[in-house]
Amino acid sequence: SLEGFDHYMLKEIYEQPESIRNAMRGRLDDENATAVFGGLNLTPQQLRSVERIILTGCGTSWHSALVGEYMIEDLARIPVSVEYASELRYRNPPIDNNTLIFGITQSGETADTLAALKETKRKGHRTLAICNVVGSSIAQAADGGVYLHAGPEIGVASTKAYTSQCCVLAMLSLYFGRLRHVSFESGQRIINELRQLPAAVQQALACDEQVRDVAKKYQDASTVLYLGRQYNFPTALEGALKLKEISYIHAEGYPAAEMKHGPIALVDEHTPSVFIIPRGTTYDKVMANMEEVKARGGPVIALASRDNPEVESIADDVIHVPEVPGFTQPIVNVVPLQLLSYHIALLRGCDVDKPRNLAKSVTVE
Ligand code: M6R
């Protein structure tokens, strides 16, 4: 039921502190400063011998795969490639032994993700699922995997499943890292940072009022750009997808530095850009990009840390996000963007939970 919310999407956005808690429940092992998973069905030896990881999925799940790429690289130092499941299934890429394939999916029924996993499994590779729906086709087809425990996601636009996928990928990164070079102490630090996530997401939800004002101001835009770098690049893609999906406004996500290679030509006084610009690595560079957009007359909405006069002096609108470590930023920073698309869609009279032309799970090719 809607439990007092106007739409499932809004309810699911607000459930995120809890769904993230559920994704982590019983999976953080303080004694060994690592993560534990019941269903990987592989021995620590087999997991330790993994030399490459392929992450595959569609849509929002593909975006969490991109987040996973940064996390696994960063925390576990294992080479990762991210593939659209629809492309992977018909390609014939050389895949080395000791490659592990993860299919990422909320529904567990996405035809392309299922086919990509079956194809890699047929070739003899180990395939695991990161999945929300228990007993779904993909959960059954994989050799093992990790459930999200996010509870049913009804809104067609994926929200809580996405943040839970990112959270599971962070825990997997910790786990793989601890099988290799990550020290006990660093493992503990990562665990502590993960434990702070539900509260940080709760804090991010408090930006709802600010977001509503921004939504009112930009509801009539016909194109919106989303820009971010490193951990915030997939967030830019996900913010843009959410907006397209439910408000039918054209939106594009880019790594902020790519802007000057083409998309900046779109910038004019009617084309707002959303910059995801928390303090941290590449902050100064993204700042320079923001100034470039401003100089060309483009309205700027910044998602930034609190008390940042520099951002405030340039951006037309600022949405505050709590300051968290890099690898947890995707989970926190996507929340205001989910809310932004929700409020804009609502103002435009769109059917938020059931956008046109879309189904909750895409079981055909
Ligand atoms: O159930 P899945 O995670 O496999 O679904 C994949 C995509 O169809 C899905 O994420 C889609 O992009 C959403 N509607 C995005 O909000």
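When a ligand or atom number is given, it counts from 1 through the structure's own listing order. Along the sequence shown, residues carry numbers from 1.
Residue Q106 has at least one heavy-atom neighbour below 4.0 Å for each of these atoms of ligand 1: 1 (O), 2 (P), 3 (O), 4 (O). Against a heavy-atom cut-off of under 4.0 Å, A157 is close to the following atoms of ligand 1: 16 (O). Set against the non-hydrogen atoms of S61, the atoms of ligand 1 under 4.0 Å away are 2 (P), 3 (O), 10 (O).
For atom 1 (O) of ligand 1, the closest non-hydrogen atom of the protein is S107 OG, 2.6 Å. The shortest contact between atom 9 (C) of ligand 1 and any protein heavy atom is with T60 N, 4.1 Å. Closest protein heavy atom to atom 8 (O) of ligand 1: V362 CG2, 4.0 Å. Annotation: atom 6 (C) of ligand 1 to nearest protein heavy atom, C58 O, 3.3 Å.
Annotation: T105 places an N or O atom under 3.5 Å from an N or O atom of ligand 1; distance criterion only. Between K360 and ligand 1, no pair of N/O atoms sits closer than 3.5 Å. Taking any N or O of E245, backbone or side chain, at least one lies under 3.5 Å from an N or O belonging to ligand 1. At least one N or O atom of K242 sits closer than 3.5 Å to an N or O atom of ligand 1. At least one N or O atom of V156, backbone or side chain, sits closer than 3.5 Å to an N or O atom of ligand 1.
Remark: D30 pairs with R195 by the salt bridge (charged side-chain N to carboxylate O under 4.0 Å, His left out) rule, at least two apart or across chains. Remark: S1 engages E3 in a side-chain contact (heavy atoms from CB on, under 4.5 Å) (not counting sequence neighbours).
In this comparison of I104, L114, T110, T159, the heavy atom closest to atom 2 (P) of ligand 1 sits on T110.
D6 CG to L346 CG: the interatomic distance, rounded to the nearest 0.5 Å, is 7.0 Å. Between the CZ atom of F176 and the NE2 atom of H181 there is a distance of 13.0 Å, given to the nearest 0.5 Å. Taking CD1 from I101 and CD1 from I95, the interatomic distance works out to 4.5 Å, rounded to the nearest 0.5 Å.
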Q) S64 and S61: side-chain hydrogen bond (donor to acceptor under 3.5 Å, both in side chains), yes or no, with the steps? A) CA-CA 5 Å; S64 71; S61 296; 5.2 Å; no
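In this structure, S361 has no heavy atom closer than 4.0 Å to ligand 1.
Under a cutoff of 6.0 Å and an axis angle of 45°, R356 and Y248 form a cation-pi pair.
A salt bridge links D317 with K217; the closest basic N to acidic carboxylate O contact falls under 4.0 Å.
Just one of V352, D351, L358 meets the side-chain contact (heavy atoms from CB on, under 4.5 Å) condition when paired with K354; it is D351.
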